[in-house]
Amino acid sequence: MIVAGREILKHAHKHGYAVGAFNVNNMEQVKAIIEAAEETKSPVIIQASQGGLKYAGVEYIAAMVKEAAKNASVPVALHLDHGTDFKQIMMCIRNGFTSVMIDASHYELEENIKKTRKIVEMAHAVGVSVEAELGKIGGVEDDISVDEKDATFTDPDDAEKFVAETGVDSLAIAVGTAHGPYKGEPKLDFERIKVIKEKLNMPLVLHGSSGVPEESIKEAVRLGINKINIDTDIRMAFHRAVKEFVKKNPDVYDPRKILSPAKEEMKNVIADKMRIFGSAGMA
Ligand SMILES: O=C(COP(=O)(O)O)N(O)CCCCOP(=O)(O)O
Ligand code: NA
Ligand SMILES: [Zn+2]
């Protein structure tokens, strides 16, 4: 069933585990996520970036996810990832998204608070949960790019003020992860996660989580991360499977035959993540 994002994150915060938030752009990704959630009995957040909505259309994404959630035995939230455009955020809410991110992290603290507070008032008025970002998460994906030098870690005192003045349901923090693949091994600032969790005592979000070693993910969850964003690892699973299939079956042109192994590979990668995050069996 489809639920508000805060319901899923509150449970994860209370019981000390993390829920996977997986990006979708097409039907096969939606099916892979839902099948993995059913298989592992995990609550799950299905999210679309503004790039994903541009590609598929907000109505298509919403219709596919609501259809999948309707028939699922686990709680599902539909979330806008890295919302920066007021109109886009409102369109998502209008199409039944149960959670939205307002990413105003490029602005100074006061401006980030002002923009975030406006979205919180609108979204909460209709029962939609809000995620915001403080500090700048590095890395590059289509619509999101932050140079390494501009990535700034989240200040715990600023975080306390930010949450008090905005009323957000969850906070994405910058603690050493980056969007997209890593060149070297990412070093997470675990002490910073611990201090922020102690100060805020609320659901915390980790972006840029593809490519982070399993042990680091588990430590971040132990310290209080409750939502873990994954996109690149699913793209790589898709790419691996399609490449292998086309190499072995160069003359097969049926999309169903080409995409089915890719859906399976994505499902297996997602199910493994759910077990590592600790959400397996929590639904
Ligand atoms: O934090 C993450 C995922 O990070 P990861 O890809 O490192 O797992 N996300 O928020 C996903 C970002 C997707 C945006 O990319 P497009 O603009 O290309 O749609
Ligand atoms: Na990453
Ligand atoms: Zn992100």
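Start at 1 and go down the list; that is how both ligands and their atoms are numbered. One-based numbering along the sequence shown.
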**Q.** Verdict with supporting geometry, K227 and Q47, side-chain hydrogen bond (donor to acceptor under 3.5 Å, both in side chains)
**A.** CA-CA 12 Å; K227 174 176 180 273; Q47 60 184 26; 3.1 Å; yes
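Judged by distance alone, with hydrogens and angles left aside, the side-chain atoms of E219 form no donor-acceptor pair with the main-chain N or O of F190 at under 3.5 Å. Side chain of H13 to backbone of N201: a donor-acceptor contact under 3.5 angstrom is found. Panel note: side chain R275, backbone T40; no donor-acceptor pair is recorded below 3.5 Å. Distance alone, capped at 3.5 Å, places no donor-acceptor pair between the R117 side chain and the G167 backbone. Of the possible polar contacts, one joining the T166 side chain to the F162 backbone as a donor-acceptor pair under 3.5 Å is found.
Around the Zn ion (ligand 3), the angle linking H179 (NE2) with H82 (NE2) is 100°, rounded to 10 degrees. In this structure, O of G180 and O of S210 enclose an angle of 110° at the Na ion (ligand 2), rounded to 10°.
Not a single heavy atom of D233 sits less than 4.0 Å from an atom of ligand 1.
Considering I2, V100, V24 as possible partners of L78, the one that fulfils the side-chain contact (heavy atoms from CB on, under 4.5 Å) test is I2.
Ring geometry, F22 versus F277: the interplanar angle falls under 30°, so the pair is classed parallel (tilted spans 30 to 60°).
By the 4.0 Å N-to-carboxylate-O rule, K267 lies close enough to E264 to be salt-bridged with it. Using a cutoff of 4.0 Å between basic side-chain nitrogens and carboxylate oxygens, K199 and D157 are scored as salt-bridged.
Contact annotation: for Q50 versus ligand 1, there are no heavy atoms closer than 4.0 Å. Only the side chain of D81 comes within 4.0 Å of ligand 1, counting heavy atoms alone; its backbone N, CA, C and O stay farther away. Both the backbone and the side chain of D231 come within contact range of ligand 1, each with a heavy atom under 4.0 Å.
Near A178, the atoms of ligand 1 lying under 4.0 angstrom from a non-hydrogen atom of the residue are 7 (O). Annotation for ligand 1: atoms under 4.0 Å from non-hydrogen atoms of H207 are 1 (O), 10 (O). Set against the non-hydrogen atoms of T232, the atoms of ligand 1 under 4.0 Å away are 5 (P), 6 (O), 7 (O), 8 (O). Atoms of ligand 1 lying under 4.0 Å from any heavy atom of G180, numbered from 1 in the order shown and given with element: 5 (P), 6 (O), 7 (O). Heavy-atom contacts of H179 reach the following atoms of ligand 1: 1 (O), 2 (C), 3 (C), 4 (O), 7 (O), 9 (N), 10 (O) (cutoff under 4.0 Å). For ligand 1, the atoms sitting less than 4.0 Å from at least one non-hydrogen atom of I230 are 8 (O), numbered in the order shown with element in parentheses. Residue H82 has at least one heavy-atom neighbour below 4.0 Å for each of these atoms of ligand 1: 10 (O).
The distance from atom OG of S210 to atom CD1 of I230, rounded to the nearest 0.5 Å, is 4.0 Å. Residue T116 holds its OG1 atom at 9.5 Å from CD of E111, rounded to the nearest 0.5 Å.
The distance from the Na ion (ligand 2) to the nearest N/O/S atom of V212 is not under 3.0 Å. At least one N, O or S atom of A178 sits under 3.0 Å from the Na ion (ligand 2).
H207 has its closest N, O or S atom to the Zn ion (ligand 3) at the position named ND1.
Below 3.5 Å of separation, one finds no N or O of Q47 facing any N or O of ligand 1.
Residue G208 holds the heavy atom nearest to atom 1 (O) of ligand 1 of all those in P181, S210, G208. If you check each of H79, K54, R235 against atom 18 (O) of ligand 1, the one with the closest non-hydrogen atom is R235.
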